[in-house]
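Scope of the values below: all heavy atoms of this structure, side chains included, with no hydrogens, waters or symmetry mates.
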Amino acid sequence: HGSIIETPQGLEEALSRDRVCGPRTLWTGLSLLGIPVDPTLILRGTIMSREGTSLWSLSETAKSNGADVQGLRLTWD
């Protein structure tokens, strides 16, 4: 597999879909920070639509798992 972090069996396909890039990135970031979290809890804790994942729900899920996060809005200007 070759990744730094191994996903539990059966979740690899769910986490590889484009619309779950937010939960996948959050899970990876928490794992790299030493905050172990079950990826299914992240998927359950976030609000997803066809367009992607709610940034608010990603932030709240990160906080509920012990991460100190802050959202920023950036522009290309």
Side-chain angles (χ1 to χ4, degrees):
H1 192 268
S3 66
I4 295 172
I5 302 167
E6 295 294 327
T7 57
Q9 197 171 41
L11 286 177
E12 187 69 35
E13 181 182 340
L15 290 173
S16 69
R17 296 185 190 122
D18 286 342
R19 71 183 188 102
V20 294
C21 64
R24 181 180 58 236
T25 302
L26 175 58
W27 176 74
T28 301
L30 292 174
S31 297
L32 291 173
L33 289 172
I35 302 173
V37 61
D38 183 339
T40 57
L41 296 177
I42 292 177
L43 289 172
R44 288 184 192 138
T46 54
I47 300 168
M48 290 185 277
S49 69
R50 288 182 183 204
E51 290 78 35
T53 307
S54 156
L55 294 178
W56 175 84
S57 70
L58 286 169
S59 173
E60 291 301 305
T61 301
K63 289 175 186 175
S64 72
N65 284 284
D68 183 16
V69 299
Q70 181 179 16
L72 301 173
R73 173 173 260 168
L74 304 174
T75 66
W76 292 103
D77 299 331

How long is the span from the CD1 atom in Ile35 to the CH2 atom in Trp27, to the nearest 0.5 Å?
->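 Taking CD1 in Ile35 and CH2 in Trp27, the distance rounds to 13.5 Å.
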At what distance, to the nearest 0.5 angstrom, does CG of Asn65 lie from CD of Glu60?
->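 Here the rounded value is 11.5 Å.
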Result of checking Thr40, Thr46, Thr28, Thr61 against Pro23 for side-chain contact (heavy atoms from CB on, under 4.5 Å) |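 Checked Thr40, Thr46, Thr28, Thr61 against Pro23; only one passes side-chain contact (heavy atoms from CB on, under 4.5 Å): Thr46.
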Leu26 vs Val37 side-chain heavy atoms within contact, under 4.5 Å |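 Leu26 vs Val37: side chains apart.
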List the steps, then state whether side chain to side chain contact (heavy atoms under 4.5 Å, CB included) holds for Ile47 with Trp56.
-> CA-CA 9 Å; Ile47 300 168; Trp56 175 84; 4.2 Å; yes
Determine whether more than 12 heavy atoms belonging to other residues, nucleotides or ligands lie under 6.0 Å from atom CG of Leu55.
->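 Count not over threshold, so no.
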Stepwise side chain to side chain contact (heavy atoms under 4.5 Å, CB included) test for Ile42 and Leu30 | CA-CA 10 Å; Ile42 292 177; Leu30 292 174; 4.1 Å; yes
